[in-house]
Amino acid sequence: MLFVLCLTVICRTGEAADEIITTLPEYLLPCSRSDPELDNCIKGSFNHLRPYLARGLTDLDVPPVEPLLIDRLVMENAAGAVRVTAAFSNITVVGPSNYTVTKIRSDLKKLRIDMGLVLPRIEVTGRYEVTGQVLLFPVRSQGDFWASFSDVAAIVKIFGKEFLRQDTKFMTADRMLVDFKLRGSRFKVRDTINHGSIIGEAMNQFLNNNAAEIIDEMRPAAAAAIGKHFKVFLNAAFEKIPVDLWLQP
């Protein structure tokens with residue numbers, strides 16, 4: 001039931017590692033393993049969590065989701081027409097609390113959860129640095145960026161495993177796979193290297209005119225970076241909530 005936390009948890013590493021949630025908090029709707037409508041129950045639990053995430057979950061060290069702050073995200077694409085390494089920092093994301101979980105498929109024996117979710121709109125701002133090659137042309141650019149994505153549809157696959165701590169069962173996400181599609185996207189950059197030059201304006205125009213193609217080329221790298229980034233945060237929450245508290249017999 002905790003996947004949505006991977007969209008929002010800002011982990012403070014090393015903090016409160018031994019803390020365990022022992023009573024059922026109001027933001028957590030438990031499901032029964034024997035429920036024939038288990039997948040629908042899990043879906044309802046995810047969506048129930050939404051307003052609590054918007055306000056933050058202090059017992060899990062989860063700050064309010066709006067905005068979502070990410071220190072740094074790096075993605076690298078070494079194939080195709082867009083071969084670049086892109087590093088993004090001081091990232092502010094507006095819109096993640098408007099998610100809706102649309103589908104759940106679970107296999108509890110394997111601790112596998114597949115999730116489909118949609119977000120109507122996400123706006124992202126921050127700093128960027130890009131080096132590499134686009135359509136055979138060398139690219140080096142850094143500065144500020146703004147991006148807007150509409151009608152985001154994502155699929156997330158979580159492969160979990162159980163572990164014991166203090167004689168209590170917990171779940172950890174051993175692997176997490178992410179994929180997504182966008183109906184619309186817009187970019188704007190303020191290149192501090194080439195600011196005010198033809199190169200800087202050309203970069204901005206290229207990003208906007210070729211947004212769909214660039215996203216398609218970078219999607220595998222972006223999905224891998226996002227999955228790796230949020231897996232750490234998800235597990236920080238999993239380590240505090242015993243399995244039997246949210247997934248009852």
Side-chain angles (χ1 to χ4, degrees), residues 1-11 21 25 27-54 57 60 62 65-66 68 70 73 75 93 95-122 124 149-162 169-183 215 219-248:
M1 124 111 220
L2 297 178
F3 162 71
V4 179
L5 292 176
C6 83
L7 295 176
T8 59
V9 176
I10 305 301
C11 176
I21 305 299
Y27 58 78
L28 200 61
L29 288 184
C31 293
S32 171
R33 295 174 183 263
S34 59
D35 186 348
E37 297 293 327
L38 176 61
D39 288 351
N40 284 332
C41 179
I42 295 174
K43 182 176 72 172
S45 297
F46 286 152
N47 290 323
H48 171 78
L49 187 59
R50 182 171 51 212
Y52 297 95
L53 290 175
L57 305 174
L60 294 179
V62 179
V65 69
E66 297 289 355
L68 170 62
I70 302 175
L73 196 63
M75 55 190 71
V93 186
S97 68
N98 293 323
Y99 74 86
T100 298
V101 176
T102 58
K103 187 175 182 180
I104 292 289
R105 185 172 62 185
S106 63
D107 184 341
L108 297 185
K109 292 182 179 179
K110 297 181 179 179
L111 289 180
R112 165 85 178 266
I113 300 176
D114 294 354
M115 171 183 297
L117 60 91
V118 296
L119 299 103
R121 182 180 176 85
I122 296 177
V124 188
F149 307 110
S150 59
D151 295 330
V152 181
I155 297 174
V156 180
K157 299 179 180 181
I158 301 173
F159 300 82
K161 65 179 181 181
E162 285 187 351
K169 288 183 180 180
F170 294 84
M171 175 178 164
T172 184
D174 190 41
R175 287 193 298 148
M176 181 185 297
L177 303 179
V178 179
D179 198 8
F180 61 89
K181 291 183 179 180
L182 312 172
R183 179 171 293 181
I215 290 173
R219 190 173 66 188
I226 292 169
K228 180 179 179 180
H229 182 76
F230 287 116
K231 174 187 167 185
V232 175
F233 300 154
L234 175 62
N235 283 336
F238 270 147
E239 290 176 3
K240 291 186 177 183
I241 302 181
V243 171
D244 289 342
L245 197 62
W246 61 273
L247 193 58
Q248 298 175 355

Can you name the closest pair of heavy atoms from [X] and [Y] and give their distance?
X	Y	value
R33	L38	O-CD2, 4.3 Å
C41	P30	SG-O, 3.9 Å
L111	M171	O-CE, 4.1 Å
E66	G95	OE1-N, 3.0 Å

Rounded to the nearest 0.5 Å, how far apart are [atom1] of [X] and [atom2] of [Y]?
X	Y	atom1	atom2	answer
T172	F159	OG1	CZ	14.0 Å
T102	M115	OG1	CE	9.0 Å
L245	K240	CG	NZ	14.0 Å
I122	F180	CD1	CZ	9.5 Å

Review point. What's the verdict on side chain to side chain contact (heavy atoms under 4.5 Å, CB included) for N98 and L119, showing C-alpha distance, side-chain angles and the deciding distance?
Key: CA-CA 6 Å; N98 293 323; L119 299 103; 5.7 Å; no
Point to revise | Candidate pair N47 and T100, rule side chain to side chain contact (heavy atoms under 4.5 Å, CB included), full reasoning | key: CA-CA 6 Å; N47 290 323; T100 298; 4.2 Å; yes
Practice item. Taking S45 for its side chain and L29 for its backbone only, find out whether a donor-acceptor pair lies under 3.5 Å. Key: yes
Check your understanding: Got a donor-acceptor contact below 3.5 angstrom from the S106 side chain to the L108 backbone?
Key -> no
So do the side chains of [X] and [Y] get within less than 4.5 Å of each other, counting heavy atoms only?
X	Y	value
V101	I42	no
W246	C31	no
L53	Y99	yes

**Study point:** Trace of the side chain to side chain contact (heavy atoms under 4.5 Å, CB included) decision for L49 with L57
**Key:** CA-CA 10 Å; L49 187 59; L57 305 174; 4.3 Å; yes
Practice item. From the options K181, R121, R183, select the one residue that forms a salt bridge (Lys or Arg N to Asp or Glu O under 4.0 Å) with D151. Key: R183
Point to revise | For Y52, all residues meeting ring-ring contact (aromatic ring centres under 6.0 Å, His included), sequence neighbours excluded | key: H48
Check your understanding: If you count the non-hydrogen atoms of other residues, nucleotides and ligands that lie under 6.0 Å from CD1 in I21, is the total more than 12?
Key -> yes
**Study point:** Set of residues satisfying side chain to side chain contact (heavy atoms under 4.5 Å, CB included) with respect to K169, sequence neighbours excluded
**Key:** E162, L164
Revision key, fill the gap. By side-chain hydrogen bond (donor to acceptor under 3.5 Å, both in side chains), R112 pairs with (sequence neighbours left out) D114
